[in-house]
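Naming: A, B, ... by sequence-line order, numbering from 1 per chain.
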Protein chains: 2
Amino acid sequence: MAGIPDSVTMTALSHPAAPGPAGTPRPRTGRPTMAQVAEAAGVSPKTVSRVINGEPGVVATTAERVERAIAQLGYRHNHAAASLARGRTQDTVGLVIEGIAGRFYAELASGVEEVARAHGQQLLIASSEENPDRERETILALASRQVGGIIVVPRSGDHRYLRTELRSGLAVVFADRPPQRIKADYALVDNVAGAREGVTHLLRQGHRRIAFIGNELAVATSADRLEGYRQAHRDAGVDVDPALVVLGPTDVPSTEAALTRLATLPDPATAAFTQNSRLTMGAWRAIKQLDRPVALVGFDDFDLADVIDPPVTVVAQDPVELGRRAMHLLLRRIAHHNARHHHDILPTRLVVRGSGEIPPPRR
Amino acid sequence: MAGIPDSVTMTALSHPAAPGPAGTPRPRTGRPTMAQVAEAAGVSPKTVSRVINGEPGVVATTAERVERAIAQLGYRHNHAAASLARGRTQDTVGLVIEGIAGRFYAELASGVEEVARAHGQQLLIASSEENPDRERETILALASRQVGGIIVVPRSGDHRYLRTELRSGLAVVFADRPPQRIKADYALVDNVAGAREGVTHLLRQGHRRIAFIGNELAVATSADRLEGYRQAHRDAGVDVDPALVVLGPTDVPSTEAALTRLATLPDPATAAFTQNSRLTMGAWRAIKQLDRPVALVGFDDFDLADVIDPPVTVVAQDPVELGRRAMHLLLRRIAHHNARHHHDILPTRLVVRGSGEIPPPRR
DNA sequence: CTGAAAGCGCTTACAG
DNA sequence: CTGAAAGCGCTTACAG
C-alpha cells in the first residue's frame, strides 16, 4: 500500500458519494451523472454525451472542458442507462455453458472471447451448472440484461422457450450441440465421423469386441458418437454387442468400474472407445489395473495423453476454433436477423499414439 | 425440428415485434413492455410490476389476469430498466479473470458460482486475456453494466484506478492475488508457506541445488512462492544460488528448455520446484529426456500427476474453495460497505507421490 | 457547433 | 388492494 496513508482510504470509505456541484441533485447510485458533468463543464448533457461517445462536431476547447470535468468528478458512464435509451444493447454478447470447469468449455470460451474482442464486443459468460432448468434461467437472465446475442452450449431438452426471445430480436447461436425443436445457427464438431474414425482404428487392429462408454443419449454429442461407433461396425461388417455399450458414467470412478466389468465378462471387451476425456482417463486407470491389455481410443485430447504408459490414441477436436466459429455465426446473426440459418461442422483429427498398438489377445 | 412447420419459423422471423394492443406504442426493442401487459390485463403498470416482483397485496384474480397477459404477449422483464429505476443493480455480480482456459481459473470460477447461486446472485464472468490494460477495461466494462460487486483475479500493476468505483459504492474483492496500492478484501492461498513446505521436502532428501522456475515477479503469487523457496533454504542453512532461479517461462517448451539448461550446468540442479502446473508439466517432460534423475515438486496439482512415471509430488491448493471464500467476502462487502477489510488465507497441502524419492546423486 | 424536450422501460413514494 | 405521477441516467430527433 505504498504511498497511500490509511486515512485517505478511510475517508473515501466513509463518504461513498462524490459531492455533486451545487444545484444538481446527487444521483441515487452515488456516482456522478452526465448532468453533473455538464453543469461542471458549463455545457448541456447532450454535449457531454457527444464527447463520451466520440460523436463529431464538438469543438476541441469544449471537449477538453468536458474531459476535465469527467476526470475531476470521476464520472463513469452508465452503460445500462445508455442501452435503455438506445433501445438496444451495444457491444455485449453472452455465452451460456453448463459449467466453467473442464478444459473443453474453457477453450471454447477462449475462442469465443478472442473473436468477440476483435470485434469490440464485451463477452459475458454465465454458467448453468449442468442443470437443464438452470440453463433456461441462465439464458433468460442474460437476455434480460440486454445483451445483443447469446451463444448457448445446450445440455439437452427442448429449446422452444427461446422462440419468444428470437421473435423479439435476440440473436442466438448454439455451439457443440444443436438446438432441439427450434431452428437456429450452430457450430459443431463432426461427432459421427470422428467416432467412426476412432472406432475403425480399433477394428483395423483386429478388435471385434469394442466397448463404448458414454453419457446419457439425451446429450446430442453422445448420441452422435454412438452413431459413429455403430457406423464403424457396420462398415466393417461386425455386429455390435449391446452389452458392450454403457451409457451413464460421468466421472472417473464410475468409468473405472464400468470398464473393469466389461473387460472381465466371460466374452470380454478387448478394446474401448470413450466419449470424452474424463471418461478416457477413468478407462485408462481401470486398464492399468487389469492383468491383460485393453486397447483404448478416446474422444477429445488431454494433457499428458502422450506420456502416460500406455499412451492414448485420441480423436482430437479443436474447441478454440469451435468457439471462434460460433462467435462468427453470432456476429452474422446480429447483423442480419433474417438471414438463413448456417451450420458449421468442424472436422476431427485422429491422433495415433503408441508405437506398439494393442491387438486383441489370441484365444 | 419435429412439430415445427417451417412456415411458422419464417413468419416469426419476418415479424420481429409482437403487435401490441391498440393504443400502446410498440416498444423500440421489439418486445412487449409492462405497459402493454398492463393494458392487455386491464390494470396499471404498477400492478404488473407487483406481480412480477412478487410484491404482496395483489388479489389472486388480478394476479392471474396479469400472468395470463404476460404469457400471451411473451413479456420478458427488462432487468436493465429495472435496475436503472431502482438506482442499483439487483442480484448480479461479476468475476474478472485473466483467461478462461486453465484448470485453476475454471475451478475458482465454479466455486464463486456455487456460492453466488446459493445466494440468488447471477454471476457474469469476463476475461481480460492476460493483458493488464484489458484488465482495467474489463473491470470498468462490468462496473458500467451495473453489477453489484466484482471479484478480480488481478494480473499485476496498480489498482488505484478502482478508487473511483469503490468510492461510488462498488464492492470489489480480490482473489488469488492481493490488490496493489489500494486496500480491499482478498482471498489467497498461503503461497509462502506452501512453497516453503514443498522446497523443504526436497532439502530433506538431501538436495542442495534446487532450481526455482516461475513467472515474472510482478505477479504476486510468483514473488510469494519465491519467498517460500528462499525461506526454506534459510531454515535449512543452505545458500540459494541465483543462477538456479529462472523467472519467465510461461509455457511447456520454454520450461523444458530452462530445466534442461539448469540440469546440465557444470554444477547442475539436482531438483526443481515449479510454480504452477503448466511449468511442472514442462519440467517433467524435460526431466524425462535427461540421462540422470532430477527430483521435482510442483505448486498446484494436476490430472494424472499420480500415474505418470515418475509421479509428481505437489503442493496442492483448493481453487474451488478459494472461489467460495472470495464470493463470501463479496457478499459481506455488498451488505456492509464500510466494514473493515478482511483477508482470507487458505492453507496448502503437500501431496507426496512416488515411493522411491529421488535423492541427489553422489559425486 | 450546441441545446431543450421527450422518451427508453421500469420502480419509488405517495395517494386513495 | 390499486393507480397516477415523477424520475432513474442516458440518447434520439429536432431546432437553432
Side-chain angles (χ1 to χ4, degrees), chain A residues 17-18 20 24-39 41-66 70 73 75-91 143-146 168-169, chain B residues 17-18 20 24-39 41-66 70 73 75-91 143-146 168-169:
Chain A
T24 319
R26 176 171 133 182
R28 275 206 237 167
T29 52
R31 55 221 312 174
T33 65
M34 259 189 185
Q36 289 175 298
V37 173
E39 181 159 327
V43 297
S44 75
K46 174 65 220 185
T47 296
V48 178
S49 172
R50 284 194 179 93
V51 172
I52 285 169
N53 291 300
E55 286 170 38
V58 180
V59 87
T61 53
T62 310
E64 227 167 76
R65 256 189 306 151
V66 171
I70 288 175
L73 269 64
Y75 170 78
R76 297 290 195 228
H77 195 231
N78 185 329
H79 189 275
S83 67
L84 176 60
R86 281 210 171 87
R88 63 193 155 69
T89 307
Q90 230 184 338
D91 308 338
S144 77
R145 281 163 181 81
Q146 310 310 114
S168 66
Chain B
T24 318
R26 177 171 133 179
R28 275 207 237 164
T29 52
R31 56 222 309 174
T33 66
M34 259 191 187
Q36 290 176 296
V37 173
E39 181 160 326
V43 298
S44 76
K46 175 65 219 183
T47 295
V48 178
S49 173
R50 284 195 180 93
V51 172
I52 285 169
N53 292 300
E55 286 169 37
V58 179
V59 88
T61 53
T62 311
E64 224 166 78
R65 254 188 306 150
V66 172
I70 287 174
L73 270 64
Y75 170 79
R76 298 291 194 227
H77 195 231
N78 185 330
H79 189 274
S83 67
L84 176 60
R86 281 210 171 89
R88 63 194 155 67
T89 307
Q90 232 184 334
D91 308 339
S144 77
R145 279 163 182 81
Q146 311 309 112
S168 66

*How long is the line joining CE of B:Met34 and P of C:dC8, in whole Å?*
15 Å
_On a heavy-atom basis, which atom in A:His77 and which in B:Ser144 lie closest, and how many Å separate them?_
O-CB, 3.3 Å
*Does a side-chain N or O from A:His79 land closer than 4.0 Å to OP1 or OP2 of D:dT11, or not?*
no
*Rounded to the nearest angstrom, tell me the gap between atom CD in B:Glu55 and atom P in C:dT12.*
7 Å
*asked:* Expressed as a whole number of angstroms, how long is the span from A:Asn53:CG to D:dG9:P?
replied: 17 Å
Could you run down the sub-3.5 Å N/O contacts of the protein with nucleotides 1-4 of chain C?
{"unit_1": "C:dT2", "atom_1": "OP1", "unit_2": "A:Thr62", "atom_2": "OG1", "d": "2.5"}
{"unit_1": "C:dT2", "atom_1": "OP2", "unit_2": "A:Val59", "atom_2": "N", "d": "2.9"}
{"unit_1": "C:dT2", "atom_1": "O4", "unit_2": "A:Arg50", "atom_2": "NH2", "d": "3.4"}
{"unit_1": "C:dG3", "atom_1": "OP2", "unit_2": "A:Ser44", "atom_2": "N", "d": "3.0"}
{"unit_1": "C:dG3", "atom_1": "OP2", "unit_2": "A:Ser44", "atom_2": "OG", "d": "3.2"}
{"unit_1": "C:dG3", "atom_1": "OP2", "unit_2": "A:Thr47", "atom_2": "OG1", "d": "2.7"}
{"unit_1": "C:dG3", "atom_1": "N7", "unit_2": "A:Arg50", "atom_2": "NH1", "d": "3.3"}
{"unit_1": "C:dG3", "atom_1": "O6", "unit_2": "A:Arg50", "atom_2": "NH2", "d": "2.7"}

_Whole-Å gap separating P (D:dA13) and CZ (A:Arg86)_ = 12 Å
*Do B:Thr33 and B:Val37 touch side chain to side chain, with heavy atoms closer than 4.5 Å?*
no
*Give each stem of DNA chain C as a range with a range, requiring at least 3 consecutive Watson-Crick or G-U wobble pairs whose two distances are under 3.5 Å.*
C:1-3 with D:14-16, C:5-12 with D:5-12, C:14-16 with D:1-3
*asked:* To the nearest 0.5 Å, what is the distance between CG on B:Asn78 and OG on A:Ser83?
replied: 7.5 Å
*For A:Ile52 and D:dT11, give me the distance from atom CD1 to atom P, rounded to whole Å.*
7 Å
_Rounded distance [0.5 Å steps], OG1 in B:Thr62 versus CD in B:Glu64_ = 9.5 Å
*Which pair of non-hydrogen atoms, one from A:Ser44 and one from A:Ala38, has the smallest distance, and what is that distance?*
C-CB, 3.6 Å
*Report the residues that fulfil salt bridge (charged side-chain N to carboxylate O under 4.0 Å, His left out) with A:Arg76, sequence neighbours left out, ordered by chain and then residue number.*
B:Glu165
*When you get a sec, tell me which of C:dG9, D:dG9, D:dT11 is the closest nucleotide to the side chain of B:Thr33?*
C:dG9
*Give the rounded distance in Å between these two atoms: OH of A:Tyr75 and P of D:dG9.*
10 Å
_Donor-acceptor under 3.5 Å (A:Glu39 side chain, A:Gln36 main chain)_ = no
*Do the side-chain N or O atoms of A:Asn78 get closer than 4.0 angstrom to the phosphate oxygens (OP1, OP2) of D:dC8?*
no
_Using whole Å, what does the distance between atom P of nucleotide D:dG9 and atom CD of A:Glu39 come to?_
14 Å
*Within this structure, what is the CG-to-P distance between B:Leu84 and C:dT11, rounded to whole angstrom?*
11 Å
_Less than 4.0 angstrom between a side-chain N/O of A:Ser49 and OP1 or OP2 of D:dT11, yes or no?_
yes
*Looking only at non-hydrogen atoms, find the nearest pair between B:Val58 and B:Ala63 and report the distance.*
CG1-N, 3.9 Å
Contacts under 3.5 angstrom, residues 46-55 of chain B side chains, donor-acceptor by atom type, not counting sequence neighbours:
{"unit_1": "B:Ser49", "atom_1": "OG", "unit_2": "B:Asn53", "atom_2": "ND2", "d": "3.4"}
{"unit_1": "B:Asn53", "atom_1": "ND2", "unit_2": "B:Ser49", "atom_2": "O", "d": "3.0"}

